[in-house]
Amino acid sequence: MHLDESITAITNVRILDPVTETVSEPQSIQISGDRISSISAAIDESDSSIDAGGAIAIPGLIDCHVHVLANTADLGRLGDESPAYLTASAINTMQGALRRGFTTLRDAGGADFGLARAAAEQLFLAPRLFFGGKALSQTGGHADMRGPGTSIVDQHQCCPHIGTVCDGVDEVRKAARMQLRTGADHIKIMLSGGVASPTDRIDSTQFSDEEIRAAVEEAAASNRYVLGHAYTARAINRGLKLGVRSIEHGNLLDDESIRLFTENDAFLVPTLVTYERLKAEGVRHGLPRASADKVDSVLYAGLKALEAADQGGVNIAYGSDLLGDMWKWQSKEFEIRSQVQSAGAVLRSATTVAARLLNQEGELGIIREGAQADIVLLNANPLDDIAVLAEPQNSVRHVLSRGGLVRA
């Protein structure tokens with residue numbers, strides 16, 4: 001897989017605007033380096049241009065909840081793996097996402113500064129990677145992968161656990177600062193129990209108010225933000241009141257949650273596809289049986305929560321959260337959401353809304369002069385049926401990343 005960096009224009013292309021939900025007449029997109037230099041009706045074809053043949057161009061897609069190092073659903077096993085092995089696995093995972101049209105990924109636990117730097121320097125072809133390092137977990141929290149009889153946890157920076165265990169305000173501050181000093185784009189904190197962790201309950205709350213405030217303060221001091229793993233309304237609402245900007249999953253939110261999301265201009269990142277796949281094939285891909293038994297408690301509530309959030313005007317970004325070989329279902333989230341959201345709303349979740357969450361508004365998630373030249377050419381109009389994006393093997397004609405054409 002490589003990048004053809006000689007592309008200077010895309011001609012005869014119809015540009016889809018996710019905000020206005022309109023599709024233009026055929027136009028030309030001029031590219032200079034990794035940016036869109038101009039958009040016009042003029043057609044100036046050359047050997048370095050692509051004739052789109054009337055195809056529809058959408059902005060490169062953004063997945064705001066991934067774990068690129070998680071090559072198995074048995075997250076507790078990751079800490080015993082070779083970082084070199086997991087990096088090689090992550091390259092395949094990230095390139096698969098790029099082929100599906102995802103030109104930007106936000107890692108929600110595990111990816112570090114080295115992987116992000118390698119992707120940025122294009123040591124291997126990959127989507128843009130926004131990383132947070134290790135997620136912060138209390139003892140017995142969602143990123144504490146020890147069984148009940150295990151006492152020691154490896155906290156080494158290069159040990160590929162998805163999280164680090166910290167207790168008390170001082171430890172939380174230090175853990176947050178450790179991630180931020182490596183250049184982390186965000187801090188992930190566990191606000192409730194989860195499916196993949198061995199010793200917590202879905203309905204538990206995690207960290208004290210003071211500990212959560214400490215993480216939020218440290219992120220804000222570095223002009224970064226906190227994303228919080230949370231399922232129950234109690235955990236979600238605590239996090240939003242204490243300054244968490246992005247709630248991951250949120251399957252059991254309530255009316256107060258919706259009010260707090262809108263009042264704080266916070267973001268919800270549902271990850272519905274992962275529960276469907278964990279239910280269907282999680283054990284086969286390494287999910288421990290005890291974790292599999294937790295899936296039902298969040299699986300069936302997720303779609304209802306998404307519908308309520310959509311109707312309540314919440315900022316909703318795209319997330320998948322798939323593990324191991326289940327990554328191949330990344331695009332199916334589009335189809336699942338279409339049951340309760342309009343095509344335009346789902347598309348915005350993976351473009352303009354996601355870009356705003358990443359503080360990349362105007363840079364990513366949009367096709368306009370001066371923006372990054374991350375573009376996906378489609379055979380069909382996703383506004384007519386967003387489910388076409390769920391089958392990228394049929395709908396995606398070309399992917400441009402950083403102004404270059406992605407070639408297999």
Peer 1: Less than 3.5 Å apart, any donor N or O on the side chain of Ser338 or Glu335 sitting next to an acceptor on the other?
Peer 2: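 There is no such pair (donor and acceptor under 3.5 Å, judged by atom type) between the side chains of Ser338 and Glu335.
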Peer 1: Please report the closest heavy-atom contact between Gln206 and Gly140, naming both atoms and the distance.
Peer 2: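 It is NE2-O, 4.2 Å.
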Peer 1: I need the Asp107 CG to Asp63 CG distance, nearest 0.5 Å.
Peer 2: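 It is 10.0 Å, given to the nearest 0.5 Å.
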Peer 1: Please check this pair: side chain of Trp327 against backbone of Leu322, looking for a donor-acceptor N/O pair closer than 3.5 Å.
Peer 2: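 Answer holds: yes.
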Peer 1: Quick check: do Arg224 and Leu180 have side-chain heavy atoms less than 4.5 Å from each other?
Peer 2: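 Side chain of Arg224 against side chain of Leu180, heavy atoms only: contact under 4.5 Å found.
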Peer 1: Tell me yes or no: between the side chains of Thr139 and Asp167, is some donor less than 3.5 Å from an acceptor?
Peer 2: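 Present: a donor and an acceptor within the cut-off.
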Peer 1: Are more than 12 heavy atoms, taken from residues, nucleotides or ligands other than Glu25, located less than 6.0 Å from that residue's CD atom?
Peer 2: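 Result for CD/Glu25: open.
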Peer 1: Looking at Asp74, is its backbone amide N or carbonyl O close enough to the side chain of Thr72 to form a donor-acceptor pair, meaning the two atoms are under 3.5 Å apart?
Peer 2: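 Judged by distance alone, yes, a pair lies under 3.5 Å.
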Peer 1: Please round to the nearest 0.5 Å and tell me the distance separating atom CG of Leu227 and atom SG of Cys64.
Peer 2: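 Separation between the atoms: 9.5 Å.
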Peer 1: Do the side-chain N and O atoms of Ser6 and Asp4 include a donor-acceptor pair separated by under 3.5 angstrom?
Peer 2: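 Side chains of Ser6 and Asp4: pair found under 3.5 Å.
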Peer 1: Taking the side chain as every heavy atom from C-beta outward, state whether Leu253 and Ile258 have any pair of such atoms under 4.5 Å apart.
Peer 2: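 They are in side-chain contact.
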Peer 1: After noting the C-alpha distance and the side-chain angles of Leu389 and Ile58, does the key distance pass the side-chain contact (heavy atoms from CB on, under 4.5 Å) rule?
Peer 2: CA-CA 11 Å; Leu389 291 177; Ile58 64 169; 4.2 Å; yes
Peer 1: Between atom CD of Glu81 and atom OG of Ser89, what is the distance when rounded to the nearest 0.5 Å?
Peer 2: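 One finds 9.0 Å between CD of Glu81 and OG of Ser89.
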Peer 1: Leu78 and side chain to side chain contact (heavy atoms under 4.5 Å, CB included): which single residue from Leu69, Leu86, Leu323 fits?
Peer 2: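 Checked Leu69, Leu86, Leu323 against Leu78; only one passes side chain to side chain contact (heavy atoms under 4.5 Å, CB included): Leu86.
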Peer 1: Any donor-acceptor pair under 3.5 Å linking the side chain of Arg14 with the backbone of Gly54?
Peer 2: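 Checking the backbone N and O of Gly54 against the side chain of Arg14, a donor-acceptor pair under 3.5 Å is found.
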Peer 1: Can a donor-acceptor pair be found, under 3.5 Å and without considering hydrogens, that links the side chain of Thr274 to the backbone of Asp321?
Peer 2: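 Pair found, side chain donor or acceptor close to backbone of Asp321.
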Peer 1: Within the side chain of Asp185, is there an N or O that forms a donor-acceptor pair under 3.5 Å with the backbone of Phe131?
Peer 2: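 Here the side-chain-to-backbone pair exists.
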Peer 1: Within the distance-only criterion (no hydrogens, no angle test), does the side chain of Gln179 pair as donor or acceptor with the backbone N or O of Lys134 below 3.5 angstrom?
Peer 2: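 Side chain of Gln179 to backbone of Lys134: a pair is present.
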Peer 1: Quick one: does any side-chain atom of His67 pair with a main-chain N or O of Gly109 as donor and acceptor, under 3.5 Å?
Peer 2: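 Checked: pair present.
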Peer 1: Could you tell me whether Arg337 sits above the aromatic face of Tyr318, with NZ or CZ closer than 6.0 angstrom to the six-membered ring centre and within 45 degrees of the axis?
Peer 2: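 Checked: cation-pi criterion met.
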Peer 1: Is a salt bridge present between Arg259 and Glu256, judged by a nitrogen-to-oxygen distance below 4.0 Å?
Peer 2: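 Looking at Arg259 and Glu256, the cut-off is met.
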Peer 1: Test Phe334 against Val388 for side-chain contact (heavy atoms from CB on, under 4.5 Å), laying out the working first.
Peer 2: CA-CA 9 Å; Phe334 287 107; Val388 300; over 6 Å; no
Peer 1: Is it true that Glu217 and Arg173 make a salt bridge, defined as a side-chain N closer than 4.0 Å to a carboxylate O?
Peer 2: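 Salt bridge present between Glu217 and Arg173.
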Peer 1: Verify whether one side chain among Asp265 and Asn315 offers a donor that lies under 3.5 Å from an acceptor in the other.
Peer 2: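 On atom types as modelled, these side chains qualify, holding a pair under 3.5 Å.
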Peer 1: How many angstroms lie between atom CD1 of Ile36 and atom CG of Asp34, to the nearest 0.5 angstrom?
Peer 2: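 These two atoms lie 10.5 Å from each other.
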Peer 1: Before you tell me yes or no, could you show the steps for Ile316 and Phe267 under side-chain contact (heavy atoms from CB on, under 4.5 Å), namely the whole-Å CA-CA distance, both residues' side-chain angles and the distance that decides it to 0.1 Å?
Peer 2: CA-CA 6 Å; Ile316 301 172; Phe267 293 77; over 6 Å; no
Peer 1: Between Arg106 and Glu248, is there a salt bridge with N-O shorter than 4.0 Å?
Peer 2: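 Salt bridge flag = yes for Arg106 with Glu248.
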Peer 1: Grab the two heavy atoms, one from Val273 and one from Ser320, that are nearest each other, plus how far apart they are.
Peer 2: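 Residues Val273 and Ser320, closest heavy atoms: CG1-O, 3.6 Å.
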Peer 1: Under a 3.5 Å threshold, yes or no: a donor from one side chain and an acceptor from the other, between His65 and Thr271?
Peer 2: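 Looking only at side-chain atoms, Thr271 and His65 do not form any donor-acceptor pair under 3.5 Å.
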Peer 1: Just so I know, are the side chains of Ile212 and Ile189 near enough to count as touching, which here means a heavy-atom distance under 4.5 Å?
Peer 2: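 When only atoms from C-beta onward are counted, Ile189 and Ile212 do touch, with a gap below 4.5 Å.
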Peer 1: Determine, stepwise, if the pair Leu136 / Val172 fulfils side-chain contact (heavy atoms from CB on, under 4.5 Å).
Peer 2: CA-CA 7 Å; Leu136 276 53; Val172 170; 4.0 Å; yes
Peer 1: Taking C-beta and beyond as the side chain, do Val19 and Ile366 meet within less than 4.5 Å on heavy atoms?
Peer 2: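 No - every pair of side-chain heavy atoms lies 4.5 Å or more apart.
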Peer 1: More than 12 heavy atoms of other residues, nucleotides or ligands under 6.0 Å from CG of Asn379: is that the case?
Peer 2: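 Enclosed.
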Peer 1: Ignoring hydrogens, what is the shortest heavy-atom contact between Leu357 and Ala317? Give both atom names and the distance.
Peer 2: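 Smallest heavy-atom distance, with atoms named: CD2-CB, 4.0 Å.
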Peer 1: State, with a plain yes or no, whether a side-chain heavy atom of Met326 is found less than 4.5 Å away from one of Leu278.
Peer 2: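 Sidechains of Leu278 and Met326: in contact.
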Peer 1: So, Glu21 and Arg348, do they make that salt bridge, N to O below 4.0 Å?
Peer 2: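 Yes, Glu21 and Arg348 are salt-bridged.
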Peer 1: Salt bridge or not for Glu218 and Lys174, using N-O below 4.0 Å?
Peer 2: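 Salt bridge between Glu218 and Lys174, a charged N being under 4.0 Å from a carboxylate O: no.
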Peer 1: Would you call Leu105 and Met94 a side-chain contact if the rule is heavy atoms closer than 4.5 Å?
Peer 2: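 Result yes, sub-4.5 Å side-chain heavy-atom pair found.
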Peer 1: Determine the minimum heavy-atom distance between Leu268 and Ala309, stating which atoms define it.
Peer 2: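 Heavy atoms only, the tightest pair is CD2-CB, 3.7 Å.
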Peer 1: Counting only heavy atoms not in Asp255 (residues, nucleotides, ligands), do more than 12 fall under 6.0 Å from its CG?
Peer 2: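 It does not: Asp255 CG has 12 such atoms or fewer within range.
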Peer 1: Using the side chain to side chain contact (heavy atoms under 4.5 Å, CB included) definition, which of the options Asp384, Leu378, Asp385 pairs with Pro382?
Peer 2: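 Of the listed options, the one satisfying the test is Leu378.
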Peer 1: Under the 3.5 angstrom rule, does the side chain of His229 hit a backbone N or O of Ala108 as a donor-acceptor pair?
Peer 2: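 Pair absent, no side-chain N/O of His229 close to backbone of Ala108.
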Peer 1: Find out whether Asp254 and Ile236 are in side-chain contact, i.e. whether some heavy atom of one side chain is under 4.5 Å from a heavy atom of the other.
Peer 2: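 No, every pair of side-chain atoms sits at 4.5 Å or beyond.
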Peer 1: Taking atom CG of Asn237 and atom NZ of Lys241, what is their separation to the nearest 0.5 Å?
Peer 2: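 Atom-to-atom, Asn237:CG and Lys241:NZ are 6.0 Å apart.
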Peer 1: Take Gln360 and Arg128 through the side-chain hydrogen bond (donor to acceptor under 3.5 Å, both in side chains) test and state the conclusion after the steps.
Peer 2: CA-CA 12 Å; Gln360 295 293 310; Arg128 302 172 190 277; over 6 Å; no
Peer 1: What's the shortest heavy-atom distance between Leu3 and Gly404, and which atoms?
Peer 2: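 Distance-wise, the nearest heavy atoms are CD1-O, 3.3 Å.
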Peer 1: For the residue pair Arg245 and Tyr225, would you count it as a cation-pi contact if the rule is NZ or CZ under 6.0 angstrom from the ring centre and within 45 degrees of the ring axis?
Peer 2: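 That pair qualifies as a cation-pi contact.
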Peer 1: Nearest 0.5 Å, please: how far is CG in Leu377 from CD1 in Ile29?
Peer 2: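 Nearest 0.5 Å value for the CD1-CG distance: 7.5 Å.
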Peer 1: Within the distance-only criterion (no hydrogens, no angle test), does the side chain of Ser32 pair as donor or acceptor with the backbone N or O of Arg35 below 3.5 angstrom?
Peer 2: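 The answer is no, because no donor-acceptor pair under 3.5 Å joins these two groups.
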Peer 1: Assess whether a salt bridge exists between Asp374 and Arg402, defined as any Lys/Arg side-chain N lying under 4.0 Å from an Asp/Glu carboxylate O.
Peer 2: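 Answer for the salt bridge query: no.
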Peer 1: Do side-chain atoms of Thr351 reach the backbone of Leu61 as a donor and acceptor pair under 3.5 angstrom?
Peer 2: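 No.
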Peer 1: At their closest point, which heavy atom of Pro127 faces which heavy atom of Thr104, and how far apart are they?
Peer 2: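 Scanning both residues completely, I find the closest heavy atoms to be CB-N, 3.8 Å.
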Peer 1: Are Arg99 and Gln393 linked by a side-chain donor-acceptor pair shorter than 3.5 Å?
Peer 2: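 There is no such pair between these side chains.
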Peer 1: Can you check whether Ile62 reaches Thr103 side chain to side chain, under 4.5 Å on heavy atoms?
Peer 2: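 No, every pair of side-chain atoms sits at 4.5 Å or beyond.
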